[in-house]
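In the text below, chain A, chain B and the rest are named by the order of the sequence lines, each starting its count at 1. These numbers were taken from a predicted model, which means no experiment stands behind them.
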Number of protein chains: 2
Amino acid sequence: MAKSERLARPVSITGRSTRSIGEVITFLRDEFPELSVSKIRFLETQGLIDPQRSQSGYREFTDDDLRRIQYVLREQRDHFLPLKVIKAKLQAWEAGTKSGPAAESGPPADIYFAEPTEALDASELATACGLDPDVIGDLISLGILRPRTSSRGTWIFDEVDRSVGHAAARLLDRGLDLRHLRSIKLGADREYDVLIQLAGPLLRHNNPESRQRATDILADTAHAASQLQEGVLKGRLRAELRP
Amino acid sequence: MAKSERLARPVSITGRSTRSIGEVITFLRDEFPELSVSKIRFLETQGLIDPQRSQSGYREFTDDDLRRIQYVLREQRDHFLPLKVIKAKLQAWEAGTKSGPAAESGPPADIYFAEPTEALDASELATACGLDPDVIGDLISLGILRPRTSSRGTWIFDEVDRSVGHAAARLLDRGLDLRHLRSIKLGADREYDVLIQLAGPLLRHNNPESRQRATDILADTAHAASQLQEGVLKGRLRAELRP
DNA sequence: ACATCCCTCAACAAACGGTTGAAGGTTCGG
DNA sequence: CCGAACCTTCAACCGTTTGTTGAGGGATGT
């Protein structure tokens, strides 16, 4: 009985069981023809994956492990990220759900609100985000993008605009339309109002120390608010997906 | 005359003249303290820059050259791009036409929607989050925390609840009250509705592959939506903080 | 039993991103 | 005109990243 259970190993990604390292290769060969056994083992030595082991020491890859490998390979292929960075991203996302005593507070204010380091014009933004140039005007009129205006009257976008534009492009690709983006923007506006109401008095104070303090509070609170909303959404979706 | 012109070499970036390689270093040292002469020369051998030369063979860097170096260094520092890719981007930009970038993808679905790995009861959650036990009931009745219920009727929280609880605790500490949290929660609800409307048909399909596909889309879209909202908020706050 | 898979561990290696040093020319102030 | 402080090229060297290869041996499936 136990023996026949061990032998049964459905090959489908939807199956309940696990796959050996060789099966992983054949599984991903369509998308990643270059993938090798040694590379997967290498990813393990680098701490990017950590599959369970069988009694005899064989690696056993779950569906989750498979998707994780897929993600790593895509980040390498599509965004040229070094494995260290991919690992950090994976860990950051895990921390979002599994955070231990760390993450007492958000990123420091100077990271959250650093001075802009990029200056893109509209066409640069469009190509950087894979966004139709026409849509950029829409996003601006919705208040989703908030470019500065140069002396010559053209728009100047910074790196926050770029990340916003990128997220918007992803959503539009997925079939959402501007109406949906607008409703997300309204959510951000409400958070903004609350935060300003909270830190406003400190911000208007002329004392630079109060200002700095207000900035810190704002950064941390904004981060927490975003975390909260993402967490609530995640929780509801998880509940929905749970069989 | 010609001689005095060669000698006059304004140091400002706005000046019309050019800078020697050493002057470039001192110029960029604020933003890139590690920058070396050899690195700039190396960038030239790799074809990323191509400064003019003086009669005697010295490199002469224009303001454009400076901005180009700045761009290269920022792409390295902020986006970890290999020099080859940066070079390709520069060339594409010079060619006037630009290829569409690969869509940036979010975390893999298994990280966004992994099966719960933690099971906390209410008091464990309270201590883990630094949250008053009384408040937990409030958060549940607001729908912010969504615990499962054990067979004995007690609440079971998972790691998403913990991160939500943590964020809520931070916000309450900062002076927000439950009313504010509720409005954030409503924002999440609206995003949830949109996403379910989008992926619902796929989710209800029995084909496990469609289900998986729907889960992936949902994870990516949820992530993009959160990114968008956080980005919009960040942008508004930045604008507010800008002097 | 025997092919085929899997394991570890160590050695190797190609590409990337520079640094260092030798040998020598240029510029500038005194 | 000299010396200090620049600048030049070129070749050799270096650490890190990202794996591959091979030896030696165990596990699995038919």
Flag side-chain contact, heavy atom, 4.5 Å: [X] against [Y]:
X	Y	result
B:Q52	B:R59	no
A:D50	A:D65	no
A:R74	A:E31	yes

>> For a quick check, with a 4.0 angstrom heavy-atom cut-off, what is the B/S/- contact string for nucleotides 11-26 of chain D, read 5' to 3'?
In response: ------SBBBB----B

Between atom [atom1] in [X] and atom [atom2] in [N], what is the gap in whole Å?
X	N	atom1	atom2	answer
B:L35	C:dG17	CG	P	15 Å
B:R53	D:dC7	CZ	P	12 Å
B:K87	C:dA15	NZ	P	16 Å
B:F61	D:dC7	CZ	C1'	11 Å
B:I25	D:dC6	CD1	C1'	13 Å
B:L73	C:dG17	CG	P	13 Å
B:F80	C:dG17	CZ	C1'	16 Å
B:I21	C:dT19	CD1	P	11 Å

> Between B:Y192 and A:R236, is there a cation-pi geometry (under 6.0 Å to ring centre, at most 45° from the normal)?
Replying inline: yes

> Got a salt bridge between B:E44 and B:R53, using NZ or NE/NH1/NH2 to carboxylate O under 4.0 Å?
Replying inline: yes

> With sequence neighbours excluded, what pairs up with B:D64 under the salt bridge (charged side-chain N to carboxylate O under 4.0 Å, His left out) test?
Replying inline: B:R67

>> Under 4.0 Å from OP1 or OP2 of D:dA27: is there any side-chain N or O of A:R59 that close?
In response: no

